[in-house]
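Working notes for the structure below.
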Amino acid sequence: MAIRRLDPVLADRIAAGEVVERPAAAVKELVENALDAGASRIDVTIAGGGKSLIRVIDDGAGMDEADLVLCVERHATSKIPDGDLTNIATLGFRGEALPSIASIARLEIATRTATAPNGLRLRVEFGALAAPTPIALPAGTRVEARDLFAATPARLKFLKSERAEAAAVADVVKRLAMAHPTVRFSLGGEGLAGFDHQACPPGREGLLARLTQILGRDFRDNALAVDATREEFRLWGFAGLPTWHRANALAQFVFVNGRPVRDRQISGAIRAAYMDYLASDRHPTLALFVECPPRLVDVNVHPAKAEVRFADPGLVRGLVIGALKQSLAEALHRATPTNAASAAAKFASTPSFAAPRAAQNWDWRASPAAPSLLDVAPGFAESGPVADARAHEATPEHSDLAAPLGAARAQIHETYIVAQTRDGLVLVDQHAAHERLVYERLKAERAKDGVARQTLLSPLVVDLDADDAARLVEAADLLHSFGLGLEPFGPGAVAVHEAPASLRLGAVEPLVRDLACSLAEDGAAAPLEKKLDHVLATLACHHSVRSGRRLAPEEMNALLRQMERTPGSGQCNHGRPTWIELKLSDIEKLFGRK
């Protein structure tokens, strides 16, 4: 079969399949053009999920007649003024977005520069170009694309419902709004909840204000500032507290030189940074911005510009991990205040906390809470106590009351510590809190001199499944660095001859069995870093103060002070919060005082 040149319109439609695979992609290209034109306000309107109508209006620089005619031709762009592909300082530069959209839709572009006496309008009907005509228009550009993919009906079959396409458009606009907080963004149309995000001032506070507009007030309350540089790269933004996590990674936003991207390498670095703080099936919420000279990043990797390639990916990975770990460590005992709000809401929704209705001729003696009915029930004295208020007998130290976690006042159910602060109370899960403290201490010990160990008088033989025993023997060198020395002892058994010094003898066998389960979950191909994390976490769990152990007042206060000094003590090794605070104002609301 003879080779022939493709028809230009057909070539544009093929290119459109790469650049504009769905309405959200067309919106992304048009909004990026508006941003590159210096717009300070961008209004987006859609109908039919973007298939019936896409309208983008901006107050940017606009175009003259020559640029207007040229902008719908393939490989025509204003974004590479010197032709240097290694120095791209704009968001888009392929030169195919507008001609691609024009080949599969009815496109109308109306534009006016600030100095022009009138605007110009250009229409393109599925690739057929008409001459520009004058129009009354304020400075800026308005682009309308109607009946998207009408010229390529096969692609319409692969689009999702109008609601799903509208949601994809909203996600694109939100990501671009995050990347450019000084620009006002609005979105409206069918099948979506519109928004109008006012422009925010430049800098960190402005970015946090824009993220709060999009992600909600909870993000501001749970955000940790991130700012670090390494060589010519800078990473900044905000990361969520580990105790404020999600079931998926959809709330992770990464930007490179103002471009929203989805980078597997950066996503892996985020997982590594949060490894010590979150369970494997939970994900943090964050917005991170990478800034670097354009020559150090290739933005032409993906047709939709959704991926990038760094000149030194290892440096970027190290920067992300180091910056996030530093911010998380500086947060110390801080935990999400959302837990307190949830606790207060649960109390308020309990029927017993509902305000009683006033009744006429009410006799207090008929109340179930009348003093005559408060005698101790038979058999109660024989049951064990559920609260220990010995800490309340002593007057709390002024320094303890002024501390973030307050002064211990009681222990309830021999599991939770009740502490008093200047303006509220704190509930602490003693096992979860101590588990984190031990974990951090073990990490420090291992990094310095290795975990202290003791030799058992006689080896402890632990019977296991043959596969579990084999995994432990294979990891013997790794376990030895944590103070646990073992060797094979026949089929399906190991003999333990060394154990961590602070571990009780009775806890050695459960520890060995838990380690076998952890190694089975990781698999043989798991990275060493993850195996180290699992071993340390398991050791910490068996070292920790268990639920059900009664603590003296001095022990409780010592635990609180140590939590305040320890990085990550706001959550246990599994990502659960270790403490919850209720402000006095919240408690007063529960009792109708406010």
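When a residue number appears, it is its place in the shown sequence, counting from 1. Predicted, not measured: the structure shown is a model, and the values here were computed from it.
- Side-chain contact between Leu405 and His333 is present, with at least one heavy-atom pair separated by less than 4.5 Å.
- Nearest approach of Ala499 to Leu484, heavy atoms of both residues: CA-CD1, 4.3 Å.
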Could you go through the side-chain contact (heavy atoms from CB on, under 4.5 Å) check for Phe219 and Leu208 one step at a time? CA-CA 9 Å; Phe219 183 83; Leu208 184 57; 4.2 Å; yes
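- Two residues are said to be in side-chain contact when any heavy atoms from C-beta on lie closer than 4.5 Å; Val496 and Pro459 fail this criterion.
- A donor-acceptor pair under 3.5 Å links the side-chain atoms of Arg436 to the main chain of Gln571, judged by distance alone.
- Residues Tyr274 and Leu328 meet the side-chain proximity criterion, which asks for heavy atoms closer than 4.5 Å.
- Using a cut-off of 4.0 Å between Lys/Arg side-chain N and Asp/Glu carboxylate O, Lys583 and Asp586 are scored as not salt-bridged.
- Here the side chain of Asp463 pairs no donor or acceptor atom with the backbone of Ala493 at under 3.5 angstrom.
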Side chain to side chain donor-acceptor pair (under 3.5 Å) evaluation trace for Arg565 with Gln562: CA-CA 5 Å; Arg565 298 190 300 268; Gln562 193 174 357; 5.3 Å; no
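- The CZ atom of Arg271 sits 13.0 Å away from atom CG of Leu324, with the distance rounded to the nearest 0.5 Å.
- Of the inter-residue distances, the one linking Asn222 atom CG with Arg334 atom CZ reads 7.0 Å to the nearest 0.5 angstrom.
- Of the charged side-chain nitrogens involved, at least one lies within less than 4.0 Å of a carboxylate oxygen, so that Arg204 and Asp227 count as a salt-bridged pair.
- Across every non-hydrogen atom of Ser569 and Thr578, the tightest pair is O-OG1, 2.6 Å.
- Annotation: the span from Met275 atom CE to Ile270 atom CD1 amounts to 13.0 Å, rounded to 0.5 Å.
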Val438 vs His434, side-chain contact (heavy atoms from CB on, under 4.5 Å): CA-CA, chis, key distance, verdict: CA-CA 6 Å; Val438 172; His434 196 242; 3.5 Å; yes
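- Crowding of Arg264 atom CZ: a count of heavy atoms from other residues, nucleotides or ligands under 6.0 Å not exceeding 12.
- Not a single donor-acceptor pair under 3.5 Å links the side chain of Glu291 to the backbone N or O of Val256.
- Heavy atoms only, all atoms of each residue included: Arg210 and Pro181 are closest at NH2-O, 3.2 Å.
- You'll find the side chain of Glu232 stays beyond 4.5 Å of the side chain of Cys292, heavy atoms only.
- Proximity of a side-chain donor or acceptor of Glu555 to a complementary backbone N or O of Ala552 within less than 3.5 Å is detected.
- Residues Glu474 and Arg471 are not paired through a salt bridge, judged by the lack of any N-O separation under 4.0 Å between the basic side chain and the carboxylate.
- When atom types are taken as modelled, the side chain of Asp429 and the backbone of Trp579 share no donor-acceptor pair closer than 3.5 angstrom.
- The CD atom of Glu487 sits 10.5 Å away from atom CD of Glu498, with the distance rounded to the nearest 0.5 Å.
- Contact of the Ile417 side chain with the Leu427 side chain is not registered, since no non-hydrogen atoms from C-beta on lie closer than 4.5 Å.
- Aromatic ring orientation, Phe253 versus Phe255: parallel (interplanar angle below 30°, classes split at 30° and 60°).
- Side-chain contact, Gln430 with Gln411: a donor N or O sits under 3.5 Å from an acceptor N or O.
- Within a 6.0 Å radius of CZ in Phe195, more than 12 heavy atoms belonging to other residues, nucleotides or ligands are found.
- Under the 3.5 Å distance criterion, the side-chain polar atoms of Thr421 are matched with a main-chain donor or acceptor of Gly424.
- For the pair Val494/Pro488, no side-chain contact is recorded, criterion being any heavy-atom separation below 4.5 Å from C-beta on.
- Using a 4.0 Å cut-off between charged nitrogen and carboxylate oxygen, Arg262 and Asp171 count as a salt-bridge pair.
- In this structure, a donor-acceptor pair under 3.5 Å is present between the side chains of His480 and Arg453.
- Using a distance-only test at 3.5 Å, with no hydrogens or angles considered, no donor-acceptor pair links the side chain of Arg513 to the main chain of Leu464.
- His197 places a side-chain heavy atom less than 4.5 Å from the side chain of Ile214.
- Of all heavy-atom pairs between Arg282 and His245, the closest is NE-ND1, 3.0 Å.
- Summarising the geometry, atom OG1 belonging to Thr415 is positioned 11.5 Å from atom CZ belonging to Arg550; distances are rounded to the nearest 0.5 Å.
- Across Gly406 and Asn557, no two heavy atoms sit closer than the pair O-OD1, 4.4 Å.
- Nearest heavy-atom pair across Glu581 and Asp423 is OE2-OD1, 4.1 Å.
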Could you walk me through whether Leu235 and Phe289 pass the side-chain contact (heavy atoms from CB on, under 4.5 Å) test, one step at a time? CA-CA 6 Å; Leu235 177 76; Phe289 296 77; over 6 Å; no
May I have the step-by-step check of side-chain contact (heavy atoms from CB on, under 4.5 Å) for Val226 and Leu286, ending in yes or no? CA-CA 10 Å; Val226 179; Leu286 46 76; over 6 Å; no
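- Pro284 has its side chain within reach of Gln252: a pair of non-hydrogen atoms, C-beta onward, lies under 4.5 Å apart.
- No donor-acceptor distance shorter than 3.5 angstrom exists from the side chain of Thr182 to the backbone of Pro202, with no hydrogens or angles considered.
- Remark: Met563 CE to Glu440 CD distance equals 12.0 Å, nearest 0.5 Å.
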Using the rule given for side chain to side chain donor-acceptor pair (under 3.5 Å), can you reason through Arg409 versus Gln420, listing the C-alpha separation, both sets of side-chain angles and the distance that settles it, and then say yes or no? CA-CA 7 Å; Arg409 305 294 277 162; Gln420 177 184 343; 3.2 Å; yes
